[in-house]
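Quick note on labels: first sequence line is chain A, next is B, and so on, each numbered from 1.
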Number of protein chains: 2
Amino acid sequence: MGKKGDTNRQKIVEAADRLFYRRGYNQTSFQDISDETGIPRGNFYYYFKTKDEILDAVIESRLNELVSWLEHCDTVTDDPREKLLLFTDILNNNEQDILQQGCPIGTLSSELAKDSTFLQEKSGQAFILFRDWAKAQFDALGIADSVSLAMDLLARMQGVTVLACAFKDQSFIRRSHQELRDWIVSKTMTG
Amino acid sequence: MGKKGDTNRQKIVEAADRLFYRRGYNQTSFQDISDETGIPRGNFYYYFKTKDEILDAVIESRLNELVSWLEHCDTVTDDPREKLLLFTDILNNNEQDILQQGCPIGTLSSELAKDSTFLQEKSGQAFILFRDWAKAQFDALGIADSVSLAMDLLARMQGVTVLACAFKDQSFIRRSHQELRDWIVSKTMTG
DNA sequence: GTCTATATGTAGATAGAC
DNA sequence: GTCTATCTACATATAGAC
């Protein structure tokens, strides 16, 4: 693949990523992506055979970003508890996006649950990455039921985003963020 | 309105209700509703001017059902704690639907967050009804921070449905159901 | 009130010139 | 590799016969 080709492909994926989050997958048309990138619709088919393939590339890209983020967390601190707290900070760091569109992983998964089974499973990989990473932190602290705790943490985060977005309630995000931090501290108390 | 007219209108709303839940609002076509009801597409416009009006009627219908359900709960028991526990039982009573499509309120709200602002707000009325009802139960028990507790309860329920649906994990629903019951009992302990 | 035929727009996808 | 023109299918919506 040449450099220019990669750039155009990248531009399509990046625009699609944003649009799929803001408007949903089904509600985003090729025209929308074309308008955003300036690349004509017909050109998309040089890189992707179908719209699903664009989504596939978007999911792949999100998974890569997620892996990078998790790796980054591992360099910031060695304390597993601190790592878990960093995870909850996602709520604060993405407050506006969450209020307007919800969680990119959760909303995509919910949307795909209604039509595609294969791509829903693939988008769910992001949840699996988060869960296993969180589980690893609980394990590192020698805490029992680490998988359950990891699932509970993910579920709480999801619940907060869904409600915050439905109510457009910023203060609910902030309060919940603090409560999740307290919850993590209480669960990781070793003594 | 004549009887026959009401019946057809009702049939449209009921079919749309089911289809909007199973396939999403945007992914459901007039043809789908026509196939399900046997009523020709063109007839829809006798009752509804636009597709949005059908959605509006569906939301209205869901709100009415919800009010009936809340009123029903109030007749089952006088104990506010028991009422809150009945609320969590929704998870058990709708296990299969939740695993496959998630929460009808939550997924619709998330979907509408991406295109309609007005109808999202309207669909959010269901959350408000649940919240205020739950708040009333905490109030009746003389518990402080009743609004926050009600929001937390709703958020937890949502989080469980999103994760359970993403992972297709039945046991997670059941475990979470029990944990939510324990949480309610602990929060409503008076003494 | 009901239903058919059709208008009108736009979706995803293709063919082929450059 | 890039872009234009176009195809086919299907969406919502309308007009008007019955």
Legend entry - Intermediate values then yes/no, side chain to side chain contact (heavy atoms under 4.5 Å, CB included), A:Tyr47 and A:Ile54: CA-CA 9 Å; A:Tyr47 302 101; A:Ile54 298 181; over 6 Å; no
Legend entry - Stepwise side chain to side chain contact (heavy atoms under 4.5 Å, CB included) check, B:Phe48 with B:Arg9: CA-CA 9 Å; B:Phe48 310 97; B:Arg9 199 196 126 99; 3.5 Å; yes
Inset, instruction - Take A:Asp74 and A:Lys83 through the side chain to side chain contact (heavy atoms under 4.5 Å, CB included) test and state the conclusion after the steps. - result: CA-CA 7 Å; A:Asp74 289 340; A:Lys83 289 182 190 176; 3.3 Å; yes
In a table with atom names and distances, give each donor-acceptor pair under 3.5 Å that connects a side chain of residues 143-151 of chain B to protein atoms at least two apart or in another chain.
from     : atom 1 : to       : atom 2 : distance (Å)
B:Ser146 : OG     : B:Asp139 : OD1    : 2.8

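Taking atom NZ of B:Lys51 as the reference point, atom C1' of D:dT14 lies 18 Å away to the nearest angstrom. One can place CZ of B:Phe48 at 12 Å from P of C:dT2, the figure rounded to the nearest angstrom. To the nearest angstrom, P of D:dT2 lies 12 Å from CZ of A:Phe44. Look at OH on B:Tyr45: it is 11 Å from P on D:dA11, rounded to the nearest Å. Atom P of nucleotide C:dA13 and atom CD of A:Glu53 are separated by 9 Å, given to the nearest angstrom. Between B:Tyr46 atom OH and D:dA17 atom P there is a gap of 18 Å when expressed in whole angstrom units. For the pair A:Ile54 CD1 and C:dA11 C1', the computed distance is 13 Å after rounding to whole Å.
Considering only side-chain atoms of A:Tyr47, the nucleotide from C:dA11, D:dT2, D:dA13 that sits closest is D:dT2. Comparing D:dA11, D:dA13, C:dA13 by their closest approach to the side chain of B:Thr50 singles out D:dA13.
Using a 4.0 Å cutoff on non-hydrogen atoms, the parts of residues 15-29 of chain B near DNA chain D are B:Thr28, B:Ser29, ordered by number.
Toward the 5′ end of DNA chain C lies the nearest nucleotide of A:Gln31, the other residue of the pair A:Gln31 and A:Lys49 mapping further downstream.
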Atom pairs, protein N/O to nucleotides 3-8 of chain D N/O, distance under 3.5 Å:
none

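Using a 4.0 Å heavy-atom cutoff across all strands shown, A:Phe30 reaches sugar-phosphate atoms only and no base atom.
Between A:Asp152 and B:Arg175, at least one side-chain N (NZ, or NE/NH1/NH2) sits under 4.0 Å from a carboxylate O, which counts as a salt bridge.
Screening residues 65-95 of chain A for ring pair (Phe, Tyr, Trp, His ring centres under 6.0 Å), with sequence neighbours left out, gives A:Phe87-A:Phe130.
With sequence neighbours left out, B:Phe127 forms a ring pair (Phe, Tyr, Trp, His ring centres under 6.0 Å) with no residue at all. In this view, A:Gln31 and A:Ser29, A:Ser34, A:Asp35, A:Arg41 satisfy the side chain to side chain contact (heavy atoms under 4.5 Å, CB included) rule, not counting sequence neighbours.
Side-chain polar atoms of B:Glu95 and B:Gln170 form a donor-acceptor pair below 3.5 angstrom.
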